[in-house]
Each structure stands twice: as C-alpha cells, then as structure tokens.
Amino acid sequence: MSSSTEYDDSTPLARELADLRRRREALSKDPLPAPDKTRILTVSNQKGGVGKTTTTVNLAAALARSGARVLVIDLDPQGNASTALGVEHRAETPSVYDVIVNEGDISDVVQQSPEFPDLYCVPATIHLAGAEIELVSLVAREQRLRTQLDAYLSATEAAGERFDYVFIDCPPSLGLLTINAFVAAGEVLIPIQCEYYALEGLSQLLRNIQLIEKHLNPRLQVSSILLTMYDGRTNLARQVVADVREHFPSEALQTLIPRSVRISEAPGYGQTVISYDTNSPGSISYLEAAAELARRGAPQ
Ligand code: ATP
Ligand code: MG
C-alpha cells in the first residue's frame, strides 16, 4: 500500500474524529431536563432482533449517566437486559417472575446495576418462560405488572427516591407479558431495524397498541420510534429512514443508531456501550437519542 493511499484514507477518518468530538462537546453542554413525573416506556416490537434490548439498556444507561434515576424491567425470559446491565439472573434469583406471577414486591427483587449508581434493574430469569401460560388462569392477568409497579413507584417517591424513567424490555411477541408491559406504561418506544422487512408487522403492532389503549390503558401512546443498526452506505437503510420519517414524522427520533461492533460487544462484558466505550460512535448516538427523548418530554 502506498503512503499516499494511507494519507487519503486518513482524511475521512480525521473528519469523522472531529465530528465525534463536536458531538461529544454538544452533549456535555446543557444538562438534561428531568421529567415532572416518572415516565414509563415500554420498548416493544414483536419482530425479533431489531434492537429492543440494546435500546432499552443503552438509553437507560445514557439517562442514568446524565443524572436521572432509572429503572429497567427485564420482561423477556431470555434475560438479555439483565445480562447487559451486569445483574445476577441465574434461575434461583428473585426476579420479575415473582412480581408478576406471585404478586411479590418489586423492592424484594430489584438490583442496582454496577453500570451507574442511579441505574436499577428488575431481572428476568428462565422461570419467566412459563409465565406466559401461567398468567392465562390468573386474575387481572393483564394488570399484574402495573399494580406492582405503581405500588413500588409510589413507595420510592414517598421515600424521596423518585425514579425519572422506567424502561420495560419486551420479548419478541405480543403475548400476555407484552400486554402487561403496555398496561403498565404511558409510552411505547418502537425500535425499527434499518432493513428490508422493517415495516412489516408494524401495522399489527400499532393495531394491538390501539386495542390496549381502548380497553385496558387509555393513557398509552406511541411516543418514539428509534431507527437502529443504520448503515449509511446502503441505499436500503436510507430508504427505510425516509419511509419511517414520512409515516411517523412526529414519533421518529432524529438520531439514528449506527450499526457498530462496539454496541454488540458490550453485553459480552456485562456492560452497556455507554460504559464499555463511552466515546465510540454507538455510545454517542445512544447518548444523543437519550437527550432527544428527555428534551422532547412526555407526550401530552
Ligand atoms: P429479541 O427480539 O431477541 O429480544 P432484540 O430486539 O432485543 O432481540 P437486540 O438483542 O437488542 O434485539 O439486538 C439483536 C442483536 O443485534 C444483538 O446481537 C445485538 O448485540 C445486535 N445489535 C443491536 N443493535 C446493534 C447495533 N446498533 N450495531 C450492531 N449490532 C447491534
Ligand atoms: Mg431483546
């Protein structure tokens, strides 16, 4: 390889580094506003592998890093959010299963994430896999998470330890666990992967949310759509972004989450990308998305 080729390669790199530096500085300028009351966001999309868990843990970590008090509820038997937040979730660990199926208190199962002092997680264990079936025969089967979460949030607020944000990470299905998340929340955040089938299934998801709003939770709103795994080199990704922005002009966040190896590596170390590689493009993008979410505030 000739030295002139190396020099040519380094120019866009230098430009990229300068851009990252500029974005980092912009992020550190103004503190983020705290919400008037706890915002509860369900992160949902029945499509698998679109970035629900990655979005949940990294937005939560980004907000906690900026001084917010944040709770993540892992509602997926895979327990991926628990893994990424570095909290214990072996089979015998007290978990969200005890909360939903046995009406246990959240305070008995919640754990502090080693990621940030103000970041907490209600872990999921493999037991949750059976909950979808066990819930069918239980009373108030759609409201069980909400009842426990409301009680916990009231108690923490009374103790002067109010949470600013709660994120609920859903499994890739529209079963009773996801319905419990929709009933407990005020907002839905939908991650959409920038790929060919991105919008397929979205109308079914929106219909289900409308049904929940009508029958079970009138305050529920789709507040945010976040485009994930964006690769600006492909026309396809750019087309997905254009389509989503056209259909959802007020919900789609301006921030795009790039496809990034650092984002996918972080959970292997029991970390979010926010702590694993704070200054990487993936981390900065999630910090920007979190800032956008905070500045927009809750929908009216
Ligand atoms: P599931 O439906 O199984 O719960 P999910 O919607 O929660 O999946 P994730 O687990 O967040 O999706 O992401 C799916 C895979 O893609 C993971 O291996 C994750 O590390 C990877 N991934 C997510 N976002 C990115 C990104 N921006 N860049 C690179 N890899 C990513
Ligand atoms: Mg997941």
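All ligand and atom numbering here is 1-based and tracks the order in the structure. Numbering of residues begins at 1 and proceeds along the displayed sequence.
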Shortest protein heavy-atom distance from [atom], along with the residue and atom involved:
atom	result
atom 19 (C) of ligand 1	Thr54 OG1, 3.9 Å
atom 25 (C) of ligand 1	Met229 CG, 3.5 Å
atom 28 (N) of ligand 1	Ser260 N, 2.8 Å
atom 3 (O) of ligand 1	Gln78 NE2, 3.3 Å
atom 27 (N) of ligand 1	Pro258 O, 2.9 Å
atom 8 (O) of ligand 1	Gly49 N, 3.0 Å

- [ ] Identify the residue among Thr83, Asn80, Asp169 that makes a side chain to side chain donor-acceptor pair (under 3.5 Å) with Thr53.
- [x]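 Passing option: Asp169.
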Task: Contact partition for Thr55 relative to ligand 1, non-hydrogen atoms under 4.0 Å - done: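 It is neither part, as no heavy atom is under 4.0 Å.
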TODO: Could you see which bit of Thr53 sits under 4.0 Å from ligand 1, with heavy atoms only: side chain, backbone, both or neither?
DONE: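 Under 4.0 Å from ligand 1, Thr53 contributes backbone and side-chain atoms.
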Task: ligand 1 contact by Glu265, heavy-atom criterion under 4.0 angstrom - done: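 Heavy atoms of Glu265 never come under 4.0 Å of ligand 1.
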Open item on the list: I'd like to know whether ligand 1 has Thr228 as a neighbour, heavy-atom separation below 4.0 Å.
Closed with: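 Thr228: no contact with ligand 1 (<4.0 Å).
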Task: Residue from Val99, Leu135, Val101 passing side chain to side chain contact (heavy atoms under 4.5 Å, CB included) with Arg144 - done: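 Of all the options given, the one that passes is Leu135.
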- [ ] Run through Ile190, Asp243, Val222, Leu202 and flag the one making a side chain to side chain contact (heavy atoms under 4.5 Å, CB included) with Phe248.
- [x]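 Only one option passes, and that is Leu202.
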- [ ] On the 0 to 90° scale, with breaks at 30° and 60°, tag the Phe163-Tyr120 ring pair as parallel, tilted or perpendicular.
- [x]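 Rings of Phe163 and Tyr120: perpendicular, over 60°.
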Open item on the list: Just to be sure I understand the site: which N, O or S atoms from the protein are less than 2.8 Å away from the Mg ion (ligand 2)?
Closed with: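 Counting only protein N, O or S atoms under 2.8 Å from the Mg ion (ligand 2), the list reads Thr53 OG1.
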Task: Residue pairs, two or more places apart or on separate chains, that pass side chain to side chain donor-acceptor pair (under 3.5 Å) and touch residues 245-258 - done: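 Found Thr255-Glu292.
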Task: Heavy atoms from other residues, nucleotides or ligands near CG of Asp36 exceed 12 (cutoff 6.0 Å) - done: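 No, CG of Asp36 has 12 or fewer neighbouring heavy atoms, counting only those of other groups under 6.0 Å.
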Open item on the list: Could you check whether atom CZ of Arg295 has more than 12 heavy atoms from other residues, nucleotides or ligands sitting under 6.0 Å from it?
Closed with: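 Count over threshold, so yes.
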- [ ] Report yes or no: is the cationic atom of Arg39 (NZ for Lys, CZ for Arg) closer than 6.0 Å to the six-membered ring centre of Tyr165, at no more than 45° off its axis?
- [x]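 Verdict for Tyr165: no cation-pi partner in Arg39.
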TODO: Could you tell me whether atom 13 (O) of ligand 1 has a protein heavy atom closer than 4.0 Å?
DONE: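 Yes, there is a protein heavy atom closer to it than 4.0 Å.
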